[in-house]
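This report concerns only the one structure given below.
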Amino acid sequence: MLSIYNTITRKKEEFKPINLPQVNMYVCGPTVYDYFHIGNARSFIMSDIIRRYLEYKGFNVKFVMNLTDVDDKIIKKSIEENKDSSAVADHFTKAFLEDIQKLKIKKADIYPKATAHMHEIIDLIQKLIDKGFAYSVDGNVFYDVSKFDNYGKLSGKNIEELISGARIEINEEKKNPLDFSLWKKAKEGEPYWESPWGKGRPGWHIECSAMSCAHLGETFDIHAGGNDLIFPHHENEIAQSEAANGKKFVNYWIHFGFLNINNEKMSKSLGNFFTAREILKLFSAEAIRLAFAQTHYAGPLNFSDELLASAEKGLEKLNNLAEKLDKEIKKNNTSGNVRAFDFNKFKNDFESAMDDDFNSPQACAVIFDFAREVNRAIAENENLNVKFYLDVKEFLEKTAVGVLGILDFAKSQPPPDDSLTEDLTNLLIKLRTDAKKEKNFALSDKIRDELKSIGIILQDGKDGTTFKVIKK
RNA sequence: GGCGCUGUAGCCAAGUGGCUCAAGGCGAAGGUCUGCAAAACCUUUAUUCGUCGGUUCGAAUCCGACCGGCGCCUCCA
């Protein structure tokens, strides 16, 4: 049984999709005004792991992630860089898709853009006005928070407290300081769309209501996003969608914890701001994913070089095993001993970890336990039937590769088009082996050291010497 | 001020009433292998869960107080 911690009820609940086996899931995506940062990456990776696990469980997941391609920050950037705002959005949309791919995040089924849904957005705003939940003032449209009874139910706030603690700018046009923009009147030079209220652009919250409804229906299963979106963004989405449709908006709300740097919030002003793009130059996608997966998605995560370095190191254990498996599978020893191994135990452990509110740290522990047990089995038994190796690989393919994305068998394969390097290296290995036989250790060590300096590591083992190339 | 999260070994981090008097990763120590290394693999590494009380047959896990850290309430994943 899969249970999920639901922000709105503050409880773990059994997951029951509306239309088995269909699961409709919406995740708040980026505003495409810059390269996304490592904190965004955490949300994207953890929602990817959740999505992959749902698929592993046999659900048919429709995964939608919006791209906010019209917004104040984009306009600001376009002015700074003296570009068209759509050019800014296009550039960073492209960059977003590239980085997502590098992080081994599965593509969403749909990446809806705000600018491509103006009809839906305008219709939704009109509906809210018609039903009395919104009002227009001189080209702007605001949502009237006082008309929606349950305002604050997601974030646990109430209107009175919000007003008394108001650090909100006073806007003469608003009836209530908490009212928020649905439609913003365009200023001179800003991008605009025609609407019944004049030229303007949508407010931030309305696009998610309009696009989630357009692609997933009025009520859908899972809505996820960063912790900081609970208020006001998601609160406002609920207010908009439920007021317009008269139906429950979302069944399960999932929120990701924040990523801090040295226990401080990441921010440009503190100078501790890192884009995913920068981090990917230093560490592998698998290491980033493992580092994130080793912390529960909802808790805070303190990000550091050491964290990623230790993940990278931990990964070597899995990569070595993967390499070993491929080697043995290639040998195809069909006459070896069949080894009893309790694959089911690990499968059950993995599933019960992930079933418990996507406890990926526990799931990672299962993978490492599994690797240790397998290594032990191999160490105890020289002549194992290939069936064992195939089963091991299959398990890892489903879990570490398929769900967590912390392992990539393709990486442990030797580069296929590099036979010259391979032949030359093997030649040197042969020379070195001969030197060793003659006890000419000065020469054999020289060969080893020289190769190391060009990035080829020799490994003496029982069945001779193998090498590996250090990849950048 | 309101709402919420959090304090577990040198570091990161699961576990939220008995099966776990505490997973996993990094680090450290020992071992196997080796001409020596490296790598790999194996083993070991918290009688204890911020502090003090309480509830209970039984608590890291529930309750209370206290001491720390953090987030949201304003654009932000």
Side-chain angles (χ1 to χ4, degrees), chain A residues 7 10 12 27-31 33 36-47 71-73 76 152 155-158 160-169 178 204 224-233 235 255-260 263-268 290-291 293-296 298-304 306-318 320-321 323-324 349 353 356 359-372 374-376 378-380 406 435-437 439-441 444-445 448-449 452 457-462 465-468:
Chain A
T7 309
R10 290 177 200 181
K12 266 189 213 172
V27 179
C28 286
T31 299
Y33 74 108
F36 66 86
H37 57 69
I38 192 69
N40 294 308
R42 183 185 189 197
S43 293
F44 300 155
I45 286 172
M46 296 318 289
S47 50
D71 143 289
D72 293 353
K73 289 186 297 252
K76 186 166 166 253
S155 52
K157 299 179 190 305
N158 64 60
E160 292 72 34
E161 279 169 2
L162 283 166
I163 292 172
S164 67
R167 280 195 275 157
I168 300 163
E169 69 193 274
L178 294 175
W204 176 38
N227 232 313
D228 55 335
L229 295 182
I230 295 173
F231 190 89
H233 186 56
E235 195 68 72
H255 289 97
F256 305 111
F258 246 62
L259 179 148
N260 299 315
N263 292 313
E264 283 180 312
K265 188 168 165 173
M266 175 166 62
S267 77
K268 283 181 177 165
L290 176 63
Q294 279 184 310
T295 299
H296 186 75
L301 185 149
N302 202 18
F303 185 82
S304 65
E306 298 78 61
L307 182 76
L308 286 184
S310 97
E312 199 84 78
K313 202 83 210 325
L315 230 37
E316 278 180 33
K317 189 180 254 176
L318 299 182
N320 284 321
L321 178 60
E323 219 169 307
K324 203 185 298 179
D349 286 353
D356 183 14
N359 190 335
S360 57
Q362 189 61 48
C364 290
V366 173
I367 300 298
F368 281 101
D369 276 340
F370 176 77
R372 180 160 19 85
V374 168
N375 278 322
R376 200 181 284 158
I378 295 171
E380 282 169 7
I406 57 174
K436 276 170 59 173
K437 274 183 196 150
K439 308 243 184 248
N440 186 351
F441 297 124
S444 69
D445 288 352
R448 182 171 66 195
D449 294 345
K452 189 180 177 185
I457 306 292
L458 298 189
Q459 298 173 328
D460 293 341
K462 269 184 200 156
T465 303
T466 56
F467 72 93
K468 77 176 174 192

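Each chain gets a letter, A, B and so on, in the order its sequence line appears, and its residues count up from 1.
Proximity note for A:Glu316 (side chain, C-beta onward) versus B:C36, B:C26, B:A39: the nearest is B:A39. Comparing atom distances between the A:Lys73 side chain and each of B:A38, B:C41, B:C76 picks out B:C76 as nearest. Distances were taken from every side-chain heavy atom of A:Asp460 (C-beta onward) to each of B:A14, B:A77, B:A37; the shortest belongs to B:A37. Listed candidates were B:G25, B:C76, B:A23. Nearest to the side chain of A:Phe368 is B:G25. If you check B:U43, B:C41, B:A77 against the side chain of A:Lys317, the one that comes closest is B:C41. Nearest to the side chain of A:Ala365, among B:C12, B:A23, B:A77, sits B:A23. Listed nucleotides B:C76, B:G15, B:U43 differ in distance to A:Asn359; the shortest reach to its side chain belongs to B:G15. Set against B:C26, B:C75, B:A77, the side chain of A:Lys313 has B:C26 as its closest nucleotide. Nearest to the side-chain atoms of A:Asp369 among the listed nucleotides B:A23, B:G35, B:A77 stands B:A23. Closest to the A:Asn320 side chain, of the nucleotides B:A39, B:A40, B:G35, is B:A40.
Stacking between A:Phe441 and the base of B:G35 is present: ring centres sit under 5.5 Å apart and the planes differ by under 30 degrees. With centres under 5.5 Å and a plane angle under 30° as the test, the ring of A:Phe36 is not stacked against the base of B:A77.
Pairing of B:A9, defined by two Watson-Crick or G-U wobble distances under 3.5 Å, is not identified with any nucleotide. Nucleotide B:C3: paired with B:G71 (Watson-Crick or G-U wobble, both distances less than 3.5 Å). Pair assignment for B:G17 gives none, since no Watson-Crick or G-U wobble pairing has each distance under 3.5 Å. Across all strands shown, B:U43 forms a Watson-Crick or G-U wobble pair with B:A29, both key distances being under 3.5 Å.
Atom CG in A:Leu259 sits about 10 Å away from atom C1' in B:A77, given to the nearest Å. B:A40 atom P lies 18 Å from atom CZ of A:Phe467, rounded to whole Å.
Taking 4.0 angstrom as the limit, A:Arg372 places a side-chain polar atom (N or O) nearer than this to OP1 or OP2 of B:G24.
Between B:C73 and B:A9, the distance separating the two P atoms is 32 Å to the nearest Å. Taking the P atoms as reference points, B:G24 lies 15 Å from B:G15, given to the whole Å. Distance noted for atom P between B:C49 and B:U43: 28 Å (whole Å). When the P atom is used for both B:G68 and B:U51, the distance is 15 Å, rounded to whole Å. Across the P atoms, B:A60 and B:U20 are found 14 Å apart, a figure rounded to whole Å. As rounded to the nearest Å, B:A39 and B:C33 have C1' atoms that lie 11 Å from one another. Distance noted for atom C1' between B:C52 and B:G10: 27 Å (whole Å). Distance check on atom C1': B:C3 versus B:U16 gives 22 Å, rounded to whole Å.
Within the 4.0 angstrom heavy-atom criterion, no nucleotide atom of any strand lies near A:Ser304.
Side-chain contact between A:Phe256 and A:Arg42: absent, with no pair of heavy atoms (C-beta onward) separated by less than 4.5 Å.
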